Protein chains: 2
Amino acid sequence: MADDGDEAAKRPVTIYDVARAAGVAPSTVSRAFARPGRVNADTAARIRQVAAELGYRANPMAQALSTSRTKMIALMISDVTNPFYSELIRGAQLAASEAEYTVLLADARESDVVERLSLERVLPAVEGIVIGSSRMSDSSLRVIAKQKPTIVLNRDVAGLPSVVTDNPRGVRRAVEHLGELGHQQITYVAGPEASWADGARWRALREAGHELELHTRRVGPVPPTVVGGRGVVEKLLDNLPTAVLAYNDLVAIGLMRGLAAAGIDVPRDVSVIGFDNIMAAELVTPGLTTVAAPLRTMGVTAVKNLQAIINGALHRSEAAFVLPTRLVQRESTARARR
Amino acid sequence: MADDGDEAAKRPVTIYDVARAAGVAPSTVSRAFARPGRVNADTAARIRQVAAELGYRANPMAQALSTSRTKMIALMISDVTNPFYSELIRGAQLAASEAEYTVLLADARESDVVERLSLERVLPAVEGIVIGSSRMSDSSLRVIAKQKPTIVLNRDVAGLPSVVTDNPRGVRRAVEHLGELGHQQITYVAGPEASWADGARWRALREAGHELELHTRRVGPVPPTVVGGRGVVEKLLDNLPTAVLAYNDLVAIGLMRGLAAAGIDVPRDVSVIGFDNIMAAELVTPGLTTVAAPLRTMGVTAVKNLQAIINGALHRSEAAFVLPTRLVQRESTARARR
DNA sequence: ATGAAAGCGCTAACAC
DNA sequence: GTGTTAGCGCTTTCAT
């Protein structure tokens, strides 16, 4: 009952049109929307009324130009296609729209060049940036970060605020689980060397293994994908462990498929644990036991903190926000039989 | 070798700064970037040089305000979390960035209310919209479409340009495949009633069944998710078919899990075919035979066509762009044994 | 080929 | 509380 763009959908309704129709000055219209308190209640009401009738919609570009607040943030991720990001994007969207912000999704397509380029392109349009699993170097990230408020995900760049998962605890739980099942040695299938999470996980595994007196070994690195996991099976075969911890779920799934193809049964012959708990983890057979990351919460947290920084609350909080993980037990782990 | 924002990263470099440093008028700087032809080659070179040294970056908001071209398009999808969209987003991004456009990702979270709201919010900021699997009514879509160039995906709204997959051919191939395997009856597990694709698929199945003399039946509708598929198993049990065609891969996967839980083997006891060929289709066991949609191409096509419309090429091309499908055979289909 | 000036739609002082 | 007046950074006539 307000939308009647019969024909003249050409020139958009401006603040001036509303001002004229309501018999007030343009600035008053502006106030009526931005600072309702600073304007007479009736006047405000009338203005809103007229605006609605006219179908007035503020021009965000003009607002942005004038206030230099674009109400947009960028979410840069290394690969939209990676299911890891689905829930994360959802979370980011949620938090952003709550604050009336819009998110510009940028996809690095696994390339640091593409990443830098798209970052450059969106930078001037946004108030802040959330960078998920960047492919760029720490120094490049710092260059970006000094231009706009930035927050990194799953990575620890000295001086930049970040949101990460509690890898040590997660790994610890996984190792305990394996220990309870009687496993004596655990092989870690490593992901990209540039990945901060990879380092954190392997380190944590070594420590936990040491404490719990389990042998640990590391193979890889492999690409963080299903084919990456599948490709490493051969190397595993030489010296088949009874348990493996994979860099992430995708690698774990590839691994399981490769093992199956080689006639090795999971979990009877070897137990497999992944990381992240992406949707596919519960769809595969056997269901994948995994160290679940609070994907959606990560997105929410990142955006909320970014907003805090934008609004001048937090400064460069050196400390990383660390989010809890939990072990989701499915069917890919079982009692050791060797 | 151009980025030295030592300290004064505060006020961004404007066209005026460049103009002064290069000893020309601001308008000339503007020209040098927008219409290199209309400016003396040396002058242009000098300007570019100076601009690079100063680290000049055009303010997109100011450009947009002045030209009313925001260089942004919106991609509205019903659920970011649905893997169906991953490749599609990738495709859209690719096409957009090729044309130097940025995409605003909007997530309807399966709600027509959220969808309308976010659409309203992004509308003024973009030059056009791609709507994937909308939850809104045809008339609401038309209201949107008359405000900005719009293109719909997987849906046929009279008068609006659209990009769809060739459901009839896809279904036909699936049915032929099943026929060759000796199946006599096919049950269709329906998706959301509001889904255009659902209607198209069921209709196509009926026709193909008729032509090839196979019995067809329909159960559902169910939500287009794994749990949706799983929930329909019970209904199937009454009168177990030898073959089922599911609304999409997610439903098919849920179905397979439900059947397995009920002690029914796929494909020995019943063959299952899905739609879309999302990544999970090849990860599940058995691998899912499915009618693959050219996901990425859909994204690319939608954006390219949208751009064509924005640039005034196509008008409201009544005809839908139909993209080919292909049957991907995996392990969920086998010879009928009943 | 270049400069000067007006204006895109909105907000933000600054008056009254 | 409301009107007036400048801009925000860029593009675009219109002169020259």
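These numbers come from a predicted model, not from an experiment. In what follows, every heavy atom counts, from backbone to side chain, and hydrogens, waters and symmetry copies are set aside. Throughout, a chain's letter reflects where its sequence line sits, starting with A, and its residues are numbered from 1.
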For residues [X] and [Y], determine if any side-chain heavy atom of one lies less than 4.5 Å from a side-chain heavy atom of the other.
X: Pro161(A); Y: Ile309(A); answer: yes
X: Leu119(A); Y: Ile129(A); answer: yes
X: Met72(A); Y: Met61(B); answer: yes
X: Leu123(B); Y: Glu120(B); answer: no

**Asked** So what does Arg69(A) touch, heavy atoms closer than 4.0 Å: a base, only the sugar-phosphate, or nothing?
**Response** nothing
**Asked** Looking for any heavy atom pair under 4.0 Å, which part of the strands does Val29(A) touch: base, sugar-phosphate only, or nothing?
**Response** nothing
**Asked** Counting only heavy atoms not in Lys304(A), do more than 12 fall under 6.0 Å of its NZ?
**Response** no
For [X] and [N], give me the distance from atom [atom1] to atom [atom2], rounded to whole Å.
X: Phe33(B); N: dG9(D); atom1: CZ; atom2: P; value: 16 Å
X: Ile47(B); N: dT2(C); atom1: CD1; atom2: C1'; value: 10 Å
X: Arg38(B); N: dT16(D); atom1: CZ; atom2: P; value: 20 Å

**Prompt:** Using a cut-off of less than 4.0 Å, is there contact between a side-chain N or O of Ser30(B) and OP1 or OP2 of dT11(D)?
**Reply:** yes
**Message:** With a cut-off of less than 4.0 Å, is there a side-chain N or O of Arg35(B) near OP1 or OP2 of dA1(C)?
**Reply:** no
**Item:** Option among Val164(A), Val130(A), Leu160(A), Ile144(A) that satisfies the side-chain contact (heavy atoms from CB on, under 4.5 Å) test with Val152(A)
**Value:** Leu160(A)
**Prompt:** Per the side-chain contact (heavy atoms from CB on, under 4.5 Å) rule, which among Val163(A), Thr301(A), Val303(A), Ile131(A) passes with Ile151(A)?
**Reply:** Val163(A)
**Request:** Measure from the side-chain heavy atoms of Asn40(B) and tell me the nearest of dG3(C), dT2(D), dT2(C).
**Result:** dT2(C)
**Message:** Closest approach to the side chain of Thr43(B), judged atom by atom: which nucleotide of dT2(D), dG3(C), dT2(C) is it?
**Reply:** dT2(C)
Using atom names, set out every protein N or O paired with an N or O of nucleotides 5-9 of chain C below 3.5 Å, distance rounded to 0.1 Å.
| residue | atom | partner | partner atom | Å |
| --- | --- | --- | --- | --- |
| dG9(C) | N2 | Ala62(A) | O | 3.4 |

**Request:** On DNA chain C, check which nucleotide each of Pro60(A) and Arg31(A) is closest to and give me the residue with the more 5' one.
**Result:** Pro60(A)
**Helix axis bend for the helix from dA1(C)-dT16(D) to dC16(C)-dG1(D) - C1'-based end axes, five pairs, 10° rounding** = 30°
**Request:** Say whether Ser86(B) and Tyr85(A), considering side chains only, have a donor N or O and an acceptor N or O under 3.5 Å apart.
**Result:** no
**Request:** Decide side-chain contact (heavy atoms from CB on, under 4.5 Å) for Thr14(B) and Arg11(B); before the verdict, give the C-alpha distance in whole Å, the side-chain angles of both, and the deciding distance to 0.1 Å.
**Result:** CA-CA 9 Å; Thr14(B) 75; Arg11(B) 195 177 62 76; 3.8 Å; yes
